Amino acid sequence: MTSETVASEGAAESGGDDPSHVSPPANVATMTFESDRVARRHFLVAALFLVVGMAALLLAWIDVTSPGSLAAPFSYGMLRPVGMGLIVYGWLTTGLIGAAYYVLPRLGAAELQKTGLANLGLLALVAGVVAGVVGIFAGLNEGRLLLEFPLWADAGIAVGLLVAAVVVTSSVRASGDDDLLPAQWFLLAAPWWAVIVFVAGNIPGINGVNSALQTNFFLASFTGLWLAAGGLGVVYYLVPAVTGRPPRRANALSLTVFWSLAFAWAWTAPRYAVYGPIPDWLETIGVFFSIGLLVPVLAVASELAVTLRGRWTTATESVPLLFAIAGTAMFGVGVLVNLMLALRSSSAVVQFTAWVASYDQLLYLGAFTFWLVAFGYHAFGGGASRLTAHLHLWLAVLSVGVLVAASWFSGLQAGFTWAAGTNSLDYASVGDGFRNTIGQLAGPITLQAAGLTVLFLAHVIFVLVMVRGGGPMPCDDPVVEAEEPEALEPTPVSGRTIVRGAIGMVALAALAVWILPSFESGHTEATLLGDTVRARPAGSAEAAGQDIYVQEGCWYCHTQQVRPIVTDVGLGPVSQAGDYANESPALFGVERIGPDLTHVGSRAPTDSAVWVVDHLKDPSSIRPWSRMPAYDHLSAQQLADLAAYMTSLD
Amino acid sequence: MDELLQAIEQQYGYPADMVMRSAQARAQADGVDVEAVLRAWAGEGPAPAAGSAPTPAPAAEPIESEAPATPAEPAGPSVEVLEPTGAPPQADEVEEAPAEEPEPVTPTRFAVPTWLVAVFIIIPAIAVAYAAFVPNGPDCGGAGQLAVDPVTGEAATCDGNPYGLEIMNFFSIGETVYLENCTACHGIEGGGGTGPAFTGGEVLATFPVGQCLDHVLWVGLGTNQWPEPTYGAPGKPVGGSGAVMPGFEGDLSPEELAAVVLYERVAFGGQPVSDAEVECGLSEDIAAAGG
């Protein structure tokens, strides 16, 4: 570039509008790539997974809203992992890969490499997701959050992620990887993170608390380093492209976003077990980095604000931009919810309440989905009428807002009720005290069902648009404003730096929050409880019952973890790491939609197998306020095993 | 330089970062200092390259013609020539320019607002303060107790010992431990084998009521570590039966040792469970809690 060009662009930026100075990558509409077909294929498949996944989540919640309204094998415990699996792997993962295949050739001005391999990767991914869903319905749930799919299904997903990483890397290399743009950093690093974290998270044979450390490391890293980082890569491309600006270049802010995100997110993993039976110092690390996560979020917001400065009119007219902005706002709020779940004082109230669900709603259904939808409209939404797109946008924003608001309300209600000692009021019978919380939550629960319905319908509109196709969505303000790119970076960021740095960072995090703590002696040395009632010899009725507990997804609504805080007083002795030493995986639980079951077999009437079987067959006949689905479709043997397991929980 | 930028921003309504970029481009083209350009635009200094002035940087002239930078216009009346304009215009290649004149560009590369930099420093500081000053775990209080259940009056402990509450079935725990560790020598029914029998009153004859803790000690230490030549009330010789009793201290937790002894005394000696629990120290917390 000559000095004349620089000067004239500088001048044009200050008042001129001559488009002849536009650098090619900015003028997206004029470029065509053969590889777009691969990208579109990925995105179409992803969009189909989105509606199926949303349908599953909606059905799952209907089962909570009015228990017993679904036919036998369909219950919250089955549909929730299916829905989340479809959303996270089918929709978000496949969609992000498709977006990367669309974006990277444009940023690097070179065709996508290895397109044949990319197609095979899509095939493996789809096979993995479908097999995983079938596996869950077949009773092969592995009992760990977002890792429910059986190993052979995980293999397909792992292959798909590896292919994406290889294709992305060689495509970036083909366009010269000495001086990359921020969008390229994210889209290059994220697939590598995804492969590493997904494979590490699926290593089988880890027992007790160490299996929970593994799950938590996976949850934090896969969310932050794959879904968030990849999504941000798309946003970094999308926002300048839609506003008609050249891509963001490396500067202090984008460097801050990338490296702080790369460094901090995986380290927040211990926050999933605040007050749990993990070392206290580890919890503090989780809190520390949950605070630190505010740095990349604020930096992203500033980047967005800088890019949009003076272009807000375009922003309010453009559907992709509105989705991107709404998604980024949800991203910020989601990170704040993460902080609320991490800080000990707030965690004592909101942990295990619907706030846990609000995190999922804000990030998986909110931010990441919105970013991908923004990309979908931008790249393939040309066939959408203005009205349709805006309808989708406002329905989606409204319904996610309703979901989150209802979650926050019911979460606070439940948390404060527990903290006030409601568990202890019915100390003698586990679960009876739960009536005090669940009875009050009928309103929010119904509201959430309504929200999920609207969100599902809104996304159906989106998928119809995607299937119809029609090329890129025209910009409402097509004037491409020429402008000097961002100030030059101090040193060019090369692809090698990014990939090495990314792998190094995630390895360091794994060492700190997973590998090193798993050598704590208390994690493998069983306590008395761990050696007796929680050690179930293979072939025993208790072991068979535990398998049913995992398969039926009981652990999505019931925790088995008593924390040393006032909220849990009355639930029995506080859980120690060694209690879980002989369990694989440790069933810490996710949320308390039903009562904690750590010591359910220690008190009347829940210590009676007869009572437990009766309750499983028809919970509402015994406790009319219960939100538990009936398990009368289980065989007598299965019910007996499950009851043996429950009553053994001393 | 920040004040200059703000002044220009207020005066013309252009975002500061865009002004800065324009100024850089202008400075590059004219071969002058960025700050001088900004000062001129802000109306505080002489124009670096006003069209009417005898400009020493003619190379920039043709580029200006198409779209004059708006902020430059108010500086028009000022016709003084800048000091640095004596320098020859830079070579055509942009890449060369920063190498020769690094200073003017360096501070503007990091276009991070000052307040944001402050926030980025404050957030980790808060995190460090949290790690340093907020207690690591729950506050267990002096007695290792977190709270007392208001209804039952029972204590919830957080000292790592989950057996402060009598909700464990020590008899069944003891049975499990016994079946796993003791049956090889003493028999499933306690009838003896390599080791002595427990049935027929034997167990309470050796360790009578009141001596449960001795019994626990014996099981924990075994024949090899037992400090005296005899054991039990009748003064049985250690190793007298010809077999070695292993010490289980390392393998079993204190509660497990007590539980297995309780099981032997209840199942084979006929002692009531509640008596054995008190005697073997498995219910002192209940007593302490007033239960």
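Not measured: the values here are computed from a predicted model.
Contact between B/L116 and A/S302 at its shortest, heavy atoms only, is CD2-OG, 3.0 Å. Annotation for B/F120 and A/A299: closest pair CZ-CB, 3.6 Å, computed over non-hydrogen atoms.
The candidate from A/L343, A/V295, A/D531, A/L298 with the greatest count of non-hydrogen atom pairs under 4.5 Å with chain B is A/V295. Contacts with chain A were tallied for B/V117, B/I123, B/T176, B/I126; B/I123 has the most, counting heavy-atom pairs under 4.5 Å.
Considering OG of A/S290 and OH of B/Y130, their distance stands at 9.5 Å, rounded to 0.5 Å.
Qualifying side-chain contact (heavy atoms from CB on, under 4.5 Å) partners for B/A267, counting only residues two or more places apart in sequence or in other chains: B/F171, B/Y263. Partners of A/V300 by side-chain contact (heavy atoms from CB on, under 4.5 Å), not counting sequence neighbours, listed by chain and number: A/L232, A/V257, A/T328.
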